[in-house]
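Read the structure below first, then the notes.
A quick note: this is a predicted structure, and the numbers were derived from the prediction, not measured.
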Amino acid sequence: MLKRVGESDNLKSVKTTMAEAHFPAPFHEGLEYSSPARGTWNIVHTGMLIPESHQIFVCALGCLRGVVLTAAEMNALDRYSSIQIREENVLDGGMEELMIEGVTDIIHKLRYQPKAILIFISCQHFFLAYDQNLVFSVLRERFPEIRFTDCYMIPTLRKSGLTPDQKMRIQLYSMWEPQPFDSKQVNLIGSNLQTSPSSELVRMVEEAGYEFRDLYRCRNFEDYLNMAKAPLNLVYEPAALMAAEDLKKRLGQDYLYLTFSYDFEELEQNYERLAEKLRIRKPDFAVERDRSIRAIEHAKELIGKTPITVDYTFTFRILSFVRFLLEYGFHVTEIYADAFLPEDQENFEWIRKIYPDIVISSTNRPAMRFLHDSETCRNPGVEFSKSQKILAIGQKAAYFTATDHFVNVAESGGYYGFDGIARIMELMEDAFLHKKDRRTVIQRKGYGCESCL
């Protein structure tokens, strides 16, 4: 007998409390559901960060649908091309020829000559064991003035080894080559969104006399290549750690991991470590700390005991952020996440001990689709009507609680440090006071990217 997907799931399979949750994965893996909250970046968005580059996706028609829509929505179809794999290409063993001649044809038909081409291969290439070295060697011989790099659209790797996101961030810098180091240059790598220039992290580097470089400051492809001159890479996104390791191995660039945190003492320790790397005395950030505290107190006075829900797309360190809110008296009722970072285990244990009734809800279990449509947000130990005012932080939290009062930020939004915390408080106040058009906002792909929607 056929059953509607998700019908047999009970609340226990998609919602639990901190007291009963398992770390780092509170829910069992299985069939997954993807909500219409699209603010997080995908491989198309990330690849577009390389200036003067062009993307070519080689995969089946069904897979191409999603990536071409991403390129179209961000008004970047002029930087996107595709090669469709058909049944005969799989059966006749001519995958290498398809790619070589297909890429060649695209290059000849482009209205401009890109400085770099990112070729995205799919899981079919792995199943067929095609000769990738042959493909790229021929293309480099035919077009010596163009840099080529391999990128991957392989969803079958999501649950084993490096994720597509981690692999994409490695390949983002794969075209860098060894260059003499410029001792006064420092890079920030691995971030999809530009770190706010007012952040202490950026100011500290620049005020110490170093040139701060990231992809957003690259005006052209030459600027991108010159980032290889930096002897030090800074990284704060966990997904970019393997990229930093790869650059250290290939180019000898040292790196410093400044874990994303909402704990003031941990931030001070990060800046102490950065000062040591830069061989300077750590600046006194008392003014910045005080500004953050005033912003927190002002937001708390305004928001009061309004229920707050938070989801993992808002920040990499979701539990660090939730603990921060709880320590300052905000009323967090629910966390939307399916897994947590190992570095957040201490925060997990702290929340479990002091706030055991806070609910953790899955974001990708099929039953969540139907709970979203219910009249009340039914949680173990917590039940509130959707007519009640809820402040959501993150797009998925806004979707699942059906609230138009939400902070529209993904992937931490480039808000780092004391300055970042103060800015987040301002965003929370604005979300509390003013509604957004939730249905329109959350369907736009790639927070921070241009959108035609």
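In this structure the side chain of T70 never reaches within 4.5 angstrom of the side chain of I43, judged on heavy atoms. Contact of the F143 side chain with the I117 side chain is not registered, since no non-hydrogen atoms from C-beta on lie closer than 4.5 Å. The shortest distance between side-chain heavy atoms of V235 and L256 does not fall below 4.5 Å. Side chains of Y257 and L234 form no contact here, defined as non-hydrogen atoms less than 4.5 Å apart. Using a 4.5 Å heavy-atom threshold, the side chains of M175 and L118 count as touching. Looking at I393 and L325, their side chains come closer than 4.5 Å, going by heavy atoms from C-beta outward.
Side-chain contact check for T363 and K396: no donor-acceptor pair (N or O, by modelled atom type) lies under 3.5 Å. With 3.5 Å as the limit, one finds a donor-acceptor pair spanning the side chains of D150 and Q132. Remark: the N42 side chain and the H45 side chain contain an N/O donor-acceptor pair separated by less than 3.5 Å. No side-chain N or O of E276 forms a donor-acceptor pair with one of Y271 less than 3.5 Å apart. Counted by atom type alone, T46 and R169 present zero donor-acceptor pairs between their side chains at under 3.5 Å. Side-chain atoms of E266 and S261 form a donor-acceptor pair, as typed in the model, at a separation below 3.5 Å.
For residues 193-219, there are no ring pair (Phe, Tyr, Trp, His ring centres under 6.0 Å) pairs, not counting sequence neighbours. Screening residues 434-453 for ring pair (Phe, Tyr, Trp, His ring centres under 6.0 Å), with sequence neighbours left out, gives no hits. Applying the ring pair (Phe, Tyr, Trp, His ring centres under 6.0 Å) test to residues at least two apart or on different chains, the pairs with a partner in residues 57-76 are F57-Y80, F57-F120. Within the structure, side-chain hydrogen bond (donor to acceptor under 3.5 Å, both in side chains) pairs that include any residue of residues 81-93 comprise H54-S81 (at least two apart or interchain).
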Identify every side-chain donor-acceptor pair in residues 409-416 under 3.5 Å, counting partners at least two apart or on other chains, and give the distances.
from	atom 1	to	atom 2	distance (Å)
E411	OE1	N192	ND2	2.9
E411	OE2	W41	N	2.9
S412	OG	T315	OG1	3.0
Y416	OH	L258	O	3.3
Y416	OH	N270	ND2	3.1

Can you give me every donor-acceptor pair (side chain of residues 226-233, partner residue at least two apart or in another chain, under 3.5 Å) with its distance?
from	atom 1	to	atom 2	distance (Å)
N226	ND2	E222	O	3.3
N233	OD1	N187	ND2	3.0
N233	ND2	Q253	OE1	3.0

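With hydrogens and angles ignored, the 3.5 Å screen pairs a side-chain donor or acceptor of R79 with a backbone N or O of M48. Side-chain N or O atoms of S199 include none that pairs as donor or acceptor with a backbone N or O of T195 at under 3.5 Å. Remark: the backbone N or O of Y33 is not paired with any side-chain donor or acceptor of R365 at under 3.5 angstrom. Between the E96 side chain and the V135 main chain, no donor and acceptor come within less than 3.5 Å of each other. With Q166 contributing its side chain and T163 its backbone, the two residues share a donor-acceptor pair below 3.5 Å. No donor-acceptor distance shorter than 3.5 angstrom exists from the side chain of K115 to the backbone of R147, with no hydrogens or angles considered. Counting only distance, with no hydrogens or angles, the side chain of S53 and the backbone of I50 share a donor-acceptor pair below 3.5 Å. With hydrogens and angles ignored, the 3.5 Å screen pairs a side-chain donor or acceptor of D223 with a backbone N or O of R219. Side chain of T403 to backbone of I390: a donor-acceptor contact under 3.5 angstrom is found. For the pair S451 (side chain) and L453 (backbone), a donor-acceptor distance under 3.5 Å is present.
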**Derivation and outcome, ring-ring contact (aromatic ring centres under 6.0 Å, His included), residues F314 and F321** = CA-CA 10 Å; F314 170 75; F321 181 65; 4.8 Å; yes
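Sparse packing is recorded around CD of E346, with 12 or fewer heavy atoms of other residues, nucleotides or ligands lying under 6.0 Å away.
One distance of note links CD of Q171 with OG1 of T149; it measures 4.5 Å at 0.5 Å rounding. Going from atom CD of E207 over to atom CG of L278 covers 12.0 Å, rounded to the nearest 0.5 Å. To the nearest 0.5 Å, atoms CG (N347) and CZ (R323) are separated by 5.0 Å. Atom OG of residue S196 and atom CG of residue D419 lie 5.0 Å apart, to the nearest 0.5 angstrom.
Aromatic ring centroids of H22 and F348 lie 6.0 Å or more apart. With ring centers used as reference points, F418 lies under 6.0 Å from F264. Two rings, from F400 and Y336, have their centers less than 6.0 Å apart. F260 has its ring centre less than 6.0 Å from the ring centre of Y262.
Evaluated for a salt bridge (charged side-chain N to carboxylate O under 4.0 Å, His left out) with D246, the options K249, R250, K248 yield exactly one hit, R250.
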